[in-house]
Amino acid sequence: MHILITGGAGFIGSHVVRHFLKSYPTYTITNLDNLTYAGNLANLKDVDALPNYRFVKGDITDGVFLQRLFQESHFDGVIHLAAESHVDRSISNPTEFVVTNVLGTVTLLNAAKACWQSDLEGKRFYHISTDEVYGSLGREGLFTEQTAYDPHSPYSASKASSDHFVRAYHDTYNLPVVISNCSNNYGSFQFPEKLIPLFINNIVHNKPLPVYGKGENIRDWLWVVDHAQAIDVIYHQGSNGETYNIGGHNEWSNIDLIRLLCRIMDTKLGRAAGVSEKLVTYVTDRAGHDLRYAIDSSKLQRELGWVPSISFEKGLELTVDWYLTNAEWLDNVTSGGYQHYYEEMYGGR
Ligand code: NAD
Ligand code: TYD
């Protein structure tokens, strides 16, 4: 079994690569990543010497390169995570999100279709998506697989579009696809532009914690290791053409989450109770800020038997511990040091 994982140097992708390498030593895993600001090979330092691992630096929007890679490699499956993933960046530069998330996905679909069309048996194209495609909930209700798409940010609009293309390739060309839409992930190796690692880093350095609006927005948080496990289950047991929602039934308003994080940080840093919370600073709300995301993952639980493994309190504490013991990783990422290394190594290729 040879699986192509795209975006494997990013946050979730690196956990998926690690999970597959460790769980399936007989599989070959090729990690295709363009190493944007969010891609960091240090995320895979503990597994990159394994004999069944291969890294390829390349761009999912480059069709000629992808066709060659598919022809040479005889992939049985694709797990597609490569994307621009940060909502705030999508507000500043929406076009980049269209290029990577929409055009990149279609280019990858074309490569898989061209290579596999003569024999689709045993093949699988697994597209990793987000619950943000469903838009925003009021105080009640959950996103199910039947919820109509209603994206509001350029990020979620680009992911919604890519999901539609993946389904269209199933319906039009019989490409064996599966899609999952997951809620907010947290854990080790997350780039410190997203809420949890950004705030951990700012608390360590006594910098303000910029809470958008009133901090009342609600997100449904899932430990990234549990997401990787769900991806394994869906890759192996999901049905072609199906969508699975992934989430931990774990809703937190931003301000409640931040208060919990501040309490954990005070304890870990030996600070008096309440010190970190004083860093909270309310700032102008994000444009088009979705109020609430919450996932109904009962289909995945019922049909494929997946359940999250740990509580949020435990997962958050493990995450804080990881960032505190990996200060060098965080410093390297915030200083951009790892990108200078890539420029030297790959010379802009
Ligand atoms: P990330 O930004 O940490 O990583 C994205 C990776 O894709 C990086 O390694 C980057 O170098 C690579 N990449 C970007 N453009 C590329 C290109 N043109 N060619 C090749 N590689 C490219 O993202 P993440 O948070 O790990 O998210 C991974 C996937 O999961 C995304 O598709 C995202 O939409 C989805 N998702 C994320 C979350 C979340 O909470 N982070 C939740 C649900 C779904
Ligand atoms: P984020 O981690 O960017 O994920 P997403 O926007 O994909 O849900 O943000 C999580 C929540 O935290 C979201 O409601 C926006 C909010 N937020 C802040 O209040 N301040 C910040 O500095 C960031 C990055 C996010």
Side-chain angles (χ1 to χ4, degrees), residues 5-17 31-41 43-44 56-62 65-66 79-91 96-97 99-101 103-105 107-108 127-133 136 152-153 155-156 158-160 162-163 180-187 189-199 202 208-222 224 227-228 231 245-247 252-255 257-258 280-286 288-293 295 333 339 342:
I5 298 182
T6 71
F11 164 50
I12 302 173
S14 62
H15 283 275
V16 175
V17 167
N31 170 16
L32 168 65
D33 199 297
N34 202 21
L35 302 179
T36 68
Y37 79 94
N40 184 353
L41 290 177
N43 297 359
L44 291 162
V56 176
K57 184 175 185 293
D59 192 330
I60 55 161
T61 65
D62 183 344
F65 157 76
L66 283 184
I79 304 179
H80 174 39
L81 297 108
E84 288 294 334
S85 68
H86 189 40
V87 173
D88 293 328
R89 284 182 192 257
S90 81
I91 295 169
E96 203 172 17
F97 284 67
V99 172
T100 301
N101 298 358
L103 187 62
T105 300
T107 310
L108 196 62
H127 178 62
I128 306 299
S129 193
T130 167
D131 62 354
E132 304 193 23
V133 299
S136 184
H152 297 131
S153 73
Y155 164 65
S156 54
S158 68
K159 291 297 291 188
S162 65
D163 292 10
S180 58
N181 297 81
C182 187
S183 60
N184 287 62
N185 283 215
Y186 70 96
F189 300 112
Q190 188 169 30
F191 195 85
E193 63 185 355
K194 306 276 169 66
L195 179 73
I196 291 177
L198 175 74
F199 278 30
N202 285 9
L209 306 177
V211 178
Y212 299 160
K214 294 183 180 156
E216 287 171 347
N217 303 69
I218 292 170
R219 298 290 181 265
D220 183 352
W221 294 90
L222 182 70
V224 63
H227 189 189
I231 289 171
N245 279 355
I246 312 174
W252 287 77
S253 72
N254 290 342
I255 195 62
L257 185 163
I258 291 159
V280 166
T281 309
Y282 291 93
V283 298
T284 309
D285 208 352
R286 175 188 275 171
H289 197 172
D290 288 333
L291 175 66
R292 176 171 165 256
Y293 303 144
I295 278 274
V333 167
Q339 282 192 305
Y342 292 144

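Both ligands and their constituent atoms are indexed starting at 1 by order of listing.
Between R89 and E193 there is a salt bridge, since a side-chain N of the basic residue sits under 4.0 Å from a carboxylate O of the acidic one.
Between the side chains of S162 and H127, at least one donor-acceptor pair of N or O atoms lies under 3.5 Å. E84 and Y155 share no donor-acceptor pair across their side chains, judged by distance under 3.5 Å alone. With no hydrogens or angles considered, no side-chain donor-acceptor pair links N34 and T36 at under 3.5 Å.
K159 contributes a side-chain N or O that, together with a main-chain N or O of I128, makes up a donor-acceptor pair within less than 3.5 Å. Looking only at distances, no side-chain donor or acceptor of N40 sits under 3.5 Å from a matching main-chain atom of A38. Looking at T61, its side chain never comes within 3.5 Å of a backbone N or O of L103 through a donor-acceptor pair.
Closer than 4.0 angstrom to ligand 2 lie heavy atoms from H86, V87, E132, N184, E193, K194, L195, L198, F199, P210, V211, Y212, N217, R219, N254, R286, H289, Y293. Around ligand 1 you find G7, A9, G10, F11, I12, D33, N34, L35, T36, A38, G39, G58, D59, I60, L81, A82, A83, S85, T100, I128, S129, T130, Y155, K159, C182, S183, N184, N185, K194, each with a heavy-atom distance below 4.0 Å.
In terms of heavy-atom proximity, I295 sits nearest to D220 at N-OD2, 2.9 Å.
From T281, atom OG1 reaches atom CG of L209 across 6.5 Å, with rounding to the nearest 0.5 Å.
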